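Values below: every heavy atom of this structure, side chains too, minus hydrogens, waters and symmetry copies. By convention in this document, chain letters (A, B, ...) are assigned in the order of the sequence lines, proteins followed by strands, and residues within each chain are numbered from 1. Everything quoted here is computed from the prediction, not taken from an experiment.
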Amino acid sequence: MSGNMHKGGPDRSLDQDLESIRTAWQVLHKDEPPELLDQSVRNAARRAVPAGRRSRSLRWLGSLATAAVVVLALAIVIQQDQQGPVPPVPGSDGFRLDDASGAEIRASDAAAVKEKADHTGTVLQRASPAAASESSPPFDGKAAATLLEEQAERDEALLAPEDWVERLMALQQAGRLEELRAELEAFRQAYPGYQLPPGLQE
Amino acid sequence: MRDRSDEELMQAYAQGEIEAFDALYARHRGPLYRYILRQVGDSATANDLYQGSWEKIIGARQRYRASAPFNAWMYRIAHNHVADHFRRSRPGSELQADHHASDNPGPEQALISEQTAARLADAVRGLPAEQRDVLLLRLEAGLDLDAIAAVTGVKRETAKSRLRYAVGKLKTLLGETEAEPAS
């Protein structure tokens, strides 16, 4: 008996009597709560604590994840600033082929995009290899860059609009109307917003 | 976690540390369950009262102050919950037979037969509720007379008197059992 009974005469006698009963009592089966009941109580204890106050020992994990995301985002932004702006997508508003030098620039931009795409794909795969490999199609930076290069090559083969208009006017003056119609159609597809001279609009 | 006192664990849980509750629960689940089971006699009722007691403990976590011993505080909540159950239930329902006395004697108790233990359990079940409560707080919870008095809301002398009556009856029973020839 390990209790803190007061040790007067009557209490000591009571302690001795209790000791003999306790010995017999210990023979009794040590009933314990069922496992489901244990789980129910533990769940109740968890529900009672607001989520924001739980598991203080693991709070650092959330903070670490947030910090990692911030650092990754900053690194991408800084790298983009160092590499210059991303070139506009061919075919979108404001993207026009002006001359041969423009085509050279676009070709170099495509190379830069390819490099950035490769790097971005690598970063994404490092950050979340499982997500990159399972939940979504893999990010193929090389394929995207190849598409941009092909587009730049096609653009490079085109005439500048002013040169093309001069050629159209020459065809008109020469009376080569069939060729003129075909060239006009191709011109309008290449430069749909370009304002043609009045003589070529008919 | 093992080095922390019950009082520290309860305060930590009140501040949101779930692991502290798990440690506290692991320490007290068995004794508290048996304290309730030995009073009500059937597992289904004991399970309900046990779960209800813990829910009250969880609900009262913010009111707990470490200046009070956790053990006495917890058993007071359980005692009141069981007492409420007896008040609501039909008269005499707390005197059902206890079928949980059984086996698993340790080597040190080899001389005490299962039959004797079962008779002891039946005798405890037959005690007046107040005496049984005091005895179980002593045997299962390990509380001293001051804590028992605080849990049951009576004076220390009253608690002692109840314990003495209970022990006297059980001692008589054990003496009669020992006098019987072994079967």
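For residues 33-40 of chain A, the interface with chain B (any heavy-atom pair closer than 4.5 Å) comprises A/Pro33, A/Pro34, A/Leu37, A/Asp38, A/Ser40, sorted by residue number.
Looking only at side-chain heavy atoms (C-beta outward), B/Arg138 and A/Arg22 stay at 4.5 Å or farther from each other.
Shortest non-hydrogen contact noted between A/Ala48 and B/Ile58 is CB-CG2, 3.4 Å. A pairwise comparison of heavy atoms in A/Trp25 and B/Glu140 identifies NE1-OE2, 2.9 Å as the closest pair.
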Test B/Arg38 against A/Asp31 for side-chain contact (heavy atoms from CB on, under 4.5 Å), laying out the working first.
CA-CA 10 Å; B/Arg38 303 289 184 222; A/Asp31 295 280; 3.2 Å; yes
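For chain A, the nearby part of B/Leu135 is the side chain; its heavy atoms alone come within less than 4.5 Å. If you measure heavy-atom distances from B/Leu136 to chain A, the contacts under 4.5 Å come from the side chain alone.
A side-chain donor-acceptor contact under 3.5 Å links B/Tyr13 to the backbone of A/Ala45.
In this structure, B/Leu139 CG and A/Leu18 CG are separated by 6.5 Å, a value rounded to the nearest 0.5 Å.
The local environment of OH in B/Tyr165 is sparse, with at most 12 non-hydrogen atoms from other residues, nucleotides or ligands closer than 6.0 Å.
Geometric assessment of A/Arg42 against the ring of B/Trp54 yields a negative cation-pi assignment under the 6.0 Å and 45° thresholds.
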